[in-house]
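Step one of this worksheet: look at the structure below.
The figures here come from the full heavy-atom set of this structure, side chains too, leaving out hydrogens, waters and symmetry mates. From a predicted model like this one, the values you see are computed outputs, not experimental measurements.
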2 protein chains.
Amino acid sequence: MLELLSRVNVQVNDNIYLKNPESSELGRKIIAGSIDLIDSIGFECFTFRKLGQEINSTEASIYRYFENKHKLLLYLTSWYWGWLEYRLVFQTANIGSPVERLEKAITTLTEQVEDDNSFTHINKVKLYHILIAESSKAYLTKSVDAENQEGFFAGYKKLVDRVSAIILEINPTYKYPHMLVSTVIEGAHHQRYFAEHLPRLTDSIEGEDSITEFYKNVVLNAVKTQ
Amino acid sequence: MLELLSRVNVQVNDNIYLKNPESSELGRKIIAGSIDLIDSIGFECFTFRKLGQEINSTEASIYRYFENKHKLLLYLTSWYWGWLEYRLVFQTANIGSPVERLEKAITTLTEQVEDDNSFTHINKVKLYHILIAESSKAYLTKSVDAENQEGFFAGYKKLVDRVSAIILEINPTYKYPHMLVSTVIEGAHHQRYFAEHLPRLTDSIEGEDSITEFYKNVVLNAVKTQ
DNA sequence: TGATTGTTGATAGTATTACTATTATATTTG
DNA sequence: CAAATATAATAGTAATACTATCAACAATCA
């Protein structure tokens with residue numbers, strides 16, 4: 001099943017890029033290289049010049065694929081949301097009980113991404129690390145409204161909607177399904193970041209997966225009552 | 001009481017700045033001006049050159065107060081956590097019931113900051129707006145560990161600890177008080193941002209304060225059960 | 001086959017950013 | 001009044017975030 005998943009090609013809004021990076025060898029090197037480089041030096045220090053050196057190409061060539069590094073970050077995060085939604089659909093298929101389905105969904109949304117041995121150019125573990133540390137920078141900008149209009153955040157919204165629908169199945173009168181789901185997704189990222197860098201803001205012990213347990217607990221209690 | 005609060009001077013770790021901006025007229029203009037400017041053009045577009053023009057001073061003069069714009073953002077966020085903690089202490093004083101105290105605390109942490117008529121150089125409404133859109137950029141950097149060592153995030157941690165203590169008063173066996181509190185603080189910022197820019201990720205209606213209601217509900221249910 | 005088109009690499013150039021350094025002048029303090 | 005300090009003005013540098021041009025090569029189409 002994981003192999004099957006790895007071959008699925010995730011769709012990304014085609015106004016995010018100038019030229020589809022999936023369409024060429026150089027394009028795939030740009031994606032693979034940017035995941036490595038952003039993960040290692042951080043988004044602020046990352047430049048197209050450095051990426052060019054890393055992948056033995058040039059700044060100008062990379063600019064033919066992406067207008068700027070912000071668009072590249074949008075691409076990576078969009079790709080991730082698409083991939084996550086695909087995984088979610090797969091992992092919650094054939095579960096009759098909506099409560100169990102919700103539990104499984106929370107696990108998918110909050111669990112640590114492990115190496116999936118898929119051997120594509122996209123390193124999921126590093127990409128997840130980028131999502132944790134950089135993804136909010138993709139929408140915390142002055143261009144968010146224009147980019148939202150163009151549909152750049154559609155994948156994220158779709159994912160949130162999908163899990164919200166399970167919540168409404170369990171409790172059709174629950175007032176805040178979207179808030180709950182987006183709180184869980186963003187919260188899990190923050191908690192993983194805090195566990196690594198600011199441990200006094202969390203109670204998570206490295207190794208143990210208390211983050212998933214915590215959010216399952218929060219969601220089920222919130223949905224059941226009220 | 002609000003007047004009293006406005007006169008309190010909030011303490012900020014003095015390694016964040018080169019020269020205390022509270023110590024001079026120019027320093028206060030730097031703070032006031034940066035709040036206006038970051039709120040209006042966003043942290044990415046904000047530069048010390050533009051700030052100099054805004055306050056009729058120069059780039060070089062501002063550099064005598066802050067090493068770089070990142071340190072200035074750290075200053076603003078630290079100041080805000082200090083101010084919020086002060087408000088929290090004030091507003092939860094003399095409430096006997098810990099459940100009521102927790103409810104009041106969640107309100108303080110999540111409610112929209114309104115104009116407090118304090119007439120200081122710090123515009124609280126704009127500062128809150130900056131916290132919502134920019135505060136996570138203060139710690140989502142490669143320098144986070146070094147800066148954490150220096151105590152730059154102490155104010156945030158202290159605030160989280162203080163509310164966690166109330167939770168433990170209610171339920172001494174609750175395993176995740178810090179996670180719960182940091183989830184609420186960060187979550188409330190995200191939800192306010194989403195309500196304005198990405199409404200499909202939230203269920204918040206402008207005007208109504210569903211965000212505070214939502215988090216109160218989540219916290220009380222999580223703390224009571226388990 | 002030969003002309004056209006598209007892709008990449010190489011190089012260069014510009015405006016802006018993120019600073020640092022120097023000096024003159026004004027203000028405060030001792 | 002002298003000394004120290006704060007600020008403004010100016011200039012300069014290295015890096016960043018691009019844009020433009022052109023040559024080399026491959027693919028393709030007529």
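Computed from coordinates, the B/E44 CD to C/dT16 P distance equals 19 Å when rounded to whole Å. Distance CD (B/E25) to P (C/dT27): 14 Å, rounded to an integer number of Å. Across the protein-nucleic acid pair, A/Y17 atom OH and C/dT7 atom P stand 14 Å apart, rounded to whole Å. Between the CG atom of B/L26 and the P atom of C/dA26 there is a distance of 17 Å, given to the nearest Å. In this entry the distance linking CD of A/Q53 with P of C/dA10 reads 12 Å, nearest Å. Counting to the nearest Å, the C1' atom of C/dA10 and the CD1 atom of A/I62 are 14 Å from each other. Remark: C1' of D/dA14 and CZ of A/R49 are 11 Å apart, rounded to the nearest angstrom. What separates CZ of B/F46 from P of C/dA18 is a distance of 10 Å, to the nearest Å.
The phosphate of D/dA9 (OP1 or OP2) has no side-chain N or O of B/T58 nearer than 4.0 angstrom. Using a 4.0 Å cut-off, some side-chain N or O of B/K19 falls inside it from OP1 or OP2 of D/dT7. Residue A/T47 places none of its side-chain N or O atoms closer than 4.0 Å to OP1 or OP2 of D/dT16. When the side-chain nitrogen and oxygen atoms of A/S24 are compared with OP1 and OP2 of C/dT8, one or more of them lie within a distance under 4.0 Å. Phosphate proximity of D/dA6 to B/Y65: absent, as no side-chain N or O sits under 4.0 Å from OP1 or OP2.
Within 4.0 Å of A/E59, counting heavy atoms only, lies at least one base atom of the nucleic acid. Residue contacts for B/F66: at a heavy-atom cut-off of 4.0 Å it reaches no nucleic acid atom on any strand shown. Backbone-only engagement by A/K50 is indicated by non-hydrogen atom pairs under 4.0 Å involving sugar-phosphate atoms exclusively. Among the atoms of the strands shown, base atoms are found under 4.0 Å from some heavy atom of A/Y63.
For the residue pair B/T77/B/Y156, the side-chain donor-acceptor check at 3.5 Å is not satisfied. With no hydrogens or angles considered, a side-chain donor-acceptor pair links A/K216 and A/T107 at under 3.5 Å. When only modelled atom types and interatomic distance are considered, A/E111 and A/T212 share no side-chain donor-acceptor pair under 3.5 Å.
When distances run from any side-chain atom of A/A60 to the nucleotides D/dA17, C/dA10, D/dA8, the shortest one goes to C/dA10.
Crowding of B/H178 atom NE2: a count of heavy atoms from other residues, nucleotides or ligands under 6.0 Å exceeding 12.
A ring-centre distance under 6.0 Å is found for A/H190 and B/H190.
Interface remark: the A/R64 side chain does not form any donor-acceptor pair with the C/dG6 base, using a distance-only criterion of under 3.5 Å.
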